[in-house]
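I have placed the structure first, in the form of structure tokens, so that the comments after it can refer back to it.
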Number of protein chains: 2
Amino acid sequence: MLKRLSKYIKKLNIKKKTTIKDIANVLNISPAAVSKALHDDSRISEKTKRAVKQVAKNLNYQPNHLASALRKGKSHLVGVIVPRTNSNFFSSVIQNIEEELDKEGYNIIITQSNESYKKECRNIDTLLFTQVDGIIASMANETIDLDYYEKIKSKGIPLILFDRGENDLNVDYIGINDYESSHLIVDHLVQQGCKRIAHIGGYKHTRIFNNRIRGYIDALKKHNLPIEDELLIESNLTTEDGRKKMTQLLALKNRPDAVYAAGDYAALGAQQVLNEQDIKMPHDIALVGFGNEPFTAMVTPSITSINQHSTEIGKQAAKTFLEHAKKTTIKQQLNKIILDAELIVRDSSNLKHI
Amino acid sequence: MLKRLSKYIKKLNIKKKTTIKDIANVLNISPAAVSKALHDDSRISEKTKRAVKQVAKNLNYQPNHLASALRKGKSHLVGVIVPRTNSNFFSSVIQNIEEELDKEGYNIIITQSNESYKKECRNIDTLLFTQVDGIIASMANETIDLDYYEKIKSKGIPLILFDRGENDLNVDYIGINDYESSHLIVDHLVQQGCKRIAHIGGYKHTRIFNNRIRGYIDALKKHNLPIEDELLIESNLTTEDGRKKMTQLLALKNRPDAVYAAGDYAALGAQQVLNEQDIKMPHDIALVGFGNEPFTAMVTPSITSINQHSTEIGKQAAKTFLEHAKKTTIKQQLNKIILDAELIVRDSSNLKHI
DNA sequence: TATTAATGCTTAAACGTTTAATCAATTTTT
DNA sequence: AAAAATTGATTAAACGTTTAAGCATTAATA
């Protein structure tokens with residue numbers, strides 16, 4: 001055996017990669033036996049298994065993932081679609097998805113839509129083409145037409161949505177309680193003595209932003225505060241647009257005494273305008289964001305925000321996929337996991353600490 | 001032909017996916033002809049090509065990527081290894097790599113080392129296992145032993161390093177001129193009247209940080225300023241450690257009048273301490289960071305920093321890989337692309353604007 | 001008109017695994 | 001001691017594509 005082995009090692013310097021066949025040749029057994037031995041099949045003797053594993057190590061055998069994926073019809077790849085990776089929320093979700101899936105031998109392919117519907121469609125095509133075993137996604141702002149997501153479902157590929165996309169398709173969803181979050185925020189602002197609370201909201205057609213708007217309105221009603229059209233603005237929630245919408249609010253004859261932005265980046269834009277015009281937070285106007293991006297704690301004043309539990313969302317999304325992967329029967333159905341959000345009060349809305 | 005087609009469409013509702021064979025059967029030609037037609041082989045008639053493409057569309061044919069990858073020995077997947085994705089620098093590099101590779105039909109698999117050597121090794125194994133066609137990486141802080149990277153090279157897989165890892169392996173590298181950057185910073189601080197410039201540097205064993213340290217020392221010499229050991233500190237450059245090292249510097253009998261941190265997060269930590277102790281920037285102590293993370297423009301005072309050209313680095317890394325991919329001969333050799341860095345002066349070091 | 005070249009396709013093997021079906025040898029059960 | 005069950009392997013096909021080699025048929029050249 002030793003002679004055969006060294007003969008093969010010599011050949012390897014010329015030849016390409018070690019295959020299951022090489023191991024079989026060394027040991028004078030069939031490739032099938034080798035495959036089974038490597039997978040600890042019960043019908044292979046312990047002796048053979050040990051021998052196979054030893055030779056595999058000596059020859060520096062690396063299984064050909066493509067071949068096994070082709071044969072088994074599973075790529076062990078999971079696609080992830082996010083609007084962008086450079087927000088802390090998404091990068092943290094991704095990190096946790098990866099950690100959880102890694103344990104089970106899955107890899108992830110990350111794609112970014114940059115909030116563009118067209119890019120998102122291209123991403124879906126790419127992932128389907130790459131033969132992923134599942135897709136975990138958060139939708140772009142622009143996305144209204146859901147045909148492309150239906151395409152995933154129709155191929156029988158498990159689809160899990162998080163953050164954006166609740167209810168819109170009949171698939172698993174993980175997110176926080178947006179409606180309740182708005183209540184937390186408005187309750188807090190009212191407690192601080194605010195009476196004219198403005199909301200720079202996201203696009204109404206996106207369910208989570210709609211929920212935040214509904215929560216905002218219902219919470220105002222709860223406190224017997226009037227709902228005024230001029231205080232409720234729709235935005236794409238970028239820093240740039242946050243600046244624009246804040247300027248718009250300051251132009252009102254009757255200015256608000258609090259601004260609740262549905263995203264931290266928009267809140268940042270609003271803050272910049274307030275700072276530039278020397279309007280004091282929270283005294284003149286209280287400010288609240290959404291998402292608890294790290295910078296909210298860094299800026300002056302620090303911005304009150306909602307913690308979206310990115311860690312938990314990532315882990316749950318991964319686990320949900322793994323459950324699908326284990327089952328053979330594919331029955332997609334709406335299965336919501338809604339996490340409680342948490343209000344992080346900071347200087348921008350906290351009168352007591354000033 | 002129409003009958004055959006509809007017959008097949010019916011079968012498809014029961015059967016799995018459309019393959020090249022299905023198309024061949026419909027048209028009564030060989031699978032080989034179909035494959036060639038789909039790839040616009042010159043030996044196939046236009047008529048056949050048109051027919052094949054039409055049927056492919058009708059049957060909703062999606063090529064099986066795994067099968068072609070197996071046959072061709074190329075996965076069209078590129079692995080990316082970064083310390084983390086939630087810094088703006090890395091997420092921007094990644095985004096640009098992706099965009100550039102997407103044009104040529106490549107996908108990327110992103111992995112994070114979290115600055116851990118062990119995790120990095122696992123990532124490399126994973127990527128090799130997934131049969132990536134190349135790896136683009138920036139090394140973890142911890143990484144000193146380069147055996148694992150040698151493993152990539154020895155398998156003949158193109159390896160491209162960026163930011164971290166210059167010169168350490170004999171492969172392509174894309175980065176900025178760190179040595180020169182330190183000169184830019186020191187020159188600027190001296191111009192502001194600073195005489196005792198401290199440096200919170202990264203680990204010396206990492207070449208880029210070593211270069212920044214060398215640049216710092218040489219620039220001090222150039223300006224005839226003394227080099228003092230107590231002003232040169234090694235750090236892991238996290239926000240937390242930035243706080244610690246700043247506190248350490250403030251405890252000196254002879255405090256510095258400027259602090260240059262080799263990373264923005266460390267600069268942020270330093271700034272927090274200065275703000276808390278009511279030490280004015282830049283008047284009492286001027287502060288400079290490195291990396292131009294977006295938050296440097298958001299905090300008060302905004303922090304002067306070095307723009308690392310993440311966009312350009314990402315694009316160049318991708319292009320470098322693509323060049324490798326086109327060549328058949330694999331000759332890895334050191335081929336450095338060094339971009340000029342740019343100093344962004346902000347309030348934390350700009351006396352004139354105060 | 002015979003010879004060569006170009007065109008348009010087919011055949012069959014290959015990529016590296018996995019797995020259903022089978023078989024021989026051994027062990028257990030009647 | 002014959003029948004049945006278990007053990008430990010083998011054989012061969014399959015996953016879906018690509019491609020080198022080959023083979024007619026038609027077109028171009030001498």
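The sequence lines fix the lettering, A, B, ..., with proteins before strands; numbering per chain opens at 1. A quick note: this is a predicted structure, and the numbers were derived from the prediction, not measured.
- Both Y61(A) and S42(B) lie close to DNA chain C; mapped to their nearest nucleotides by heavy-atom distance, the more 5′-ward contact belongs to S42(B).
- In terms of phosphate contacts, T19(A) brings no side-chain nitrogen or oxygen within less than 4.0 Å of OP1 or OP2 of dC15(C).
- No contact: L66(A) has no heavy atom under 4.0 Å from any strand.
- A donor-acceptor contact under 3.5 angstrom links the side chains of D125(B) and Y148(B), judged on distance only.
- In this structure, the CG atom of L59(B) is 15 Å from the C1' atom of dG16(D), given to the nearest Å.
- Protein atom CG of D22(B) is 9 Å distant from nucleotide atom P of dG16(D), rounded to whole Å.
- Spacing between atom CD of Q131(B) and atom P of dC15(C) amounts to 14 Å, rounded to whole angstrom units.
- The nearest whole Å value for the distance from the CZ atom in R71(B) to the C1' atom in dT18(D) is 4 Å.
- Classified by interplanar angle (parallel below 30°, tilted 30° to 60°, perpendicular above 60°), the ring pair H76(A)/Y106(A) is parallel.
- The distance between atom NE2 of H39(A) and atom C1' of dT17(C), rounded to the nearest whole Å, is 8 Å.
- Regarding K21(B), its NZ atom lies at a distance of 13 Å from the P atom of dA13(D), rounded to whole Å.
- Judged purely by distance below 3.5 Å, without hydrogens or angles, the side chains of H324(B) and D172(B) pair a donor atom with an acceptor atom.
- Side-chain nitrogen and oxygen atoms of S45(A) include at least one within less than 4.0 Å of the OP1 or OP2 phosphate oxygen of dA9(D).
- For dT10(C), the base has a donor-acceptor partner in the side chain of K36(B) [N/O atoms by modelled type, under 3.5 angstrom].
- Between S35(A) and dT19(C) there is no side-chain N or O to OP1 or OP2 distance below 4.0 Å.
- The side chain of I44(A) lies closest to dA9(D), out of dG16(D), dA9(D), dG8(C).
- Across the interface with DNA chain C, nearest-nucleotide mapping of A32(A) and S30(B) shows S30(B) to be the residue nearer the 5′ end.
- Nucleic acid contact for S68(A): sugar-phosphate only, since backbone atoms but no base atoms lie under 4.0 Å from a heavy atom of the residue.
- Following rounding to the nearest Å, N64(B) (CG) and dC15(C) (P) show an atom-to-atom distance of 18 Å.
- Protein atom NZ of K72(B) is 6 Å distant from nucleotide atom P of dT18(D), rounded to whole Å.
- At least one donor-acceptor pair closer than 3.5 Å links the side chain of N96(A) to the backbone N or O of S92(A).
- In the set dA9(D), dG16(D), dA21(D), the nucleotide with an atom closest to the side chain of L70(A) is dG16(D).
- With dA9(D), dG8(D), dT7(C) as the candidates, the nucleotide lying closest to the side chain of R43(B) is dT7(C).
- Side chain to side chain, S116(B) and E142(B) fail the donor-acceptor criterion of an N or O pair below 3.5 Å.
- Of the listed nucleotides (dG22(D), dG16(D), dT17(C)), dT17(C) has the atom at the smallest distance from the side chain of I20(A).
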